[in-house]
Asks: 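Got a structure here, written out as structure tokens. Questions coming.
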Number of protein chains: 2
Amino acid sequence: MAKKVKTNKRQVILEEAAKLFKAKGFSGTSMRDLGSQVGMEAASMYNHISSKDDILESICFHVSNTYISQLREIEQLPVSYVDKLKALIQLHVRLMIEDGAAVSVANNDWKYLSDDKLQQFKEARKAYEKGFAELIEQGIAAGEFQPMNVSVALFTILSAVRWVELWYRPGRGISAEELEENIMTILLNGLAK
Amino acid sequence: MAKKVKTNKRQVILEEAAKLFKAKGFSGTSMRDLGSQVGMEAASMYNHISSKDDILESICFHVSNTYISQLREIEQLPVSYVDKLKALIQLHVRLMIEDGAAVSVANNDWKYLSDDKLQQFKEARKAYEKGFAELIEQGIAAGEFQPMNVSVALFTILSAVRWVELWYRPGRGISAEELEENIMTILLNGLAK
DNA sequence: GTCTATAGATCGATAGAC
DNA sequence: GTCTATCGATCTATAGAC
């Protein structure tokens, strides 16, 4: 017997919630808003999720887990630091394009996580930033990058890829590949001639 | 008779509101929260402001007006395009450091502006981006910048300075000047050796 | 101009019928 | 598992005493 392809209703709720949270913020989105987007009464959703906080947690940790596991893979690649940095920039641009709403929520609404989950999320983010920073540090030590303040470099890179969330639309006349290339060129080679 | 130095209570409300909106978002901040921060009952603040939306509008348009008027000045300077770009990056870093809470609100909570004000704000932002983009375009035409996608360059620059809002603390062991220099170097010359 | 009290709307979440 | 109905809390804003 073929396994039933389960269109998990919880998953639908999480996806619509990410879109609404991105558009109106976690606090600005009511369970009634979300219900009408999902096609359900607010009360009915509680058969699939346990609370509004539950939704936020699922979205945020799904994103942070994805980033961290991908970083671990990139760290192990037998390539130059320049290529590792390129791979990371590519990762950010692609996650932003493929799962932009969830990434946006993890970037902007994580602060509404309840106490212990907030702590967990901050630690996950710190771990990610630490791994990323080490990669930059090693790249400088290896002579592949200019000597510079590692924190400034790290956050400049992380921020430079974040605007994709606010700006990118499929019909904008630029493909994901072109976008990655342009951003990488600016970050690696600079704007000046 | 000396003119009374007016410690405008409205101004205090706006400043505390910017801090709270930055920390908890516009929707996540209640008038009671704000009142207790200001040292007043929520109801009493309505003698100084007309609504919660009024507060948000004042903050957002104060910021957008500042950016636009400064851009107009920089446009008129008799210097190279590289120096104009440097002046703009400096402007962003300094406004972020000096008035970070308000800038943060204008960056993140403008979407809660009510209909007509939202329209106005979007137009102001578009005007700013247009002026900034033209500066990049002219710099490319003058041979000072690498030929590249102007929109990508614009938003990479704008984003690269935004993280300062999330990261900068006076005691972080880096001055505003060092910060500006580091960011300018990365954006103009790139990370690669 | 600040307060207490509260109107009126809306919030997250639950109870219980079906 | 979805609905209607509603609880109790909290929201913005106003009324009116002082």
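Because the structure is a prediction, the values reported are computed rather than measured. Letters A, B, ... mirror the listed sequences (proteins, then strands); counts begin at 1.
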Asks: Between atom CE in B:Met40 and atom P in C:dT4, what is the gap in whole Å?
Replies: 13 Å
Asks: Treating primed atoms plus P, OP1 and OP2 as sugar-phosphate and everything else as base, which nucleotides of nucleotides 6-13 of chain D get B, S or - for protein heavy atoms under 4.0 Å?
Replies: B----BBB
Asks: Do any side-chain atoms of residues 145-160 of chain A form donor-acceptor pairs under 3.5 angstrom with protein atoms, and if so which ones, sequence neighbours left out?
Replies:
residue, atom, partner, partner atom, Å
A:Gln146, NE2, B:Ala192, O, 3.1
A:Asn149, OD1, A:Ser151, N, 3.0
A:Asn149, OD1, A:Val152, N, 3.0
A:Thr156, OG1, A:Val152, O, 2.6
A:Thr156, OG1, B:Trp163, NE1, 3.4
A:Ser159, OG, A:Phe155, O, 2.8

Asks: What residues, two or more places apart in sequence or in another chain, satisfy side-chain hydrogen bond (donor to acceptor under 3.5 Å, both in side chains) together with A:Glu75?
Replies: A:Arg72
Asks: Identify, with sequence neighbours excluded, every residue that meets side-chain hydrogen bond (donor to acceptor under 3.5 Å, both in side chains) alongside A:Arg162.
Replies: A:Asn108
Asks: Show each protein N/O and nucleotides 16-18 of chain D N/O combination with a separation under 3.5 Å, one pair to a line.
Replies:
none

Asks: Which heavy-atom pair separates B:Leu135 from B:Leu88 by the least distance, and what is that distance?
Replies: CD1-CD1, 4.0 Å
Asks: Of all residues at least two apart in sequence or in a different chain, which pass the side-chain hydrogen bond (donor to acceptor under 3.5 Å, both in side chains) check with B:Asp33?
Replies: B:Lys24, B:Ser30
Asks: List in chain and number order the residues that pass ring pair (Phe, Tyr, Trp, His ring centres under 6.0 Å) with A:Phe21, two or more places apart in sequence or in another chain; answer none if no residue qualifies.
Replies: A:Phe26
Asks: A:His92: what forms a ring pair (Phe, Tyr, Trp, His ring centres under 6.0 Å) with it, not counting sequence neighbours?
Replies: A:Tyr67, A:Tyr128
Asks: Below 4.0 angstrom from OP1 or OP2 of C:dG1, is there any side-chain N or O of B:Ser44?
Replies: no
Asks: Quickly work out the A:Tyr112 OH to C:dC11 C1' distance and round it to whole Å.
Replies: 15 Å
Asks: Once side-chain hydrogen bond (donor to acceptor under 3.5 Å, both in side chains) is applied, do any residues pair with A:Ser44, and if so which ones, sequence neighbours excluded?
Replies: none
Asks: Rounding to a whole Å, what distance do you find between A:Asn8:CG and D:dG1:C1'?
Replies: 14 Å
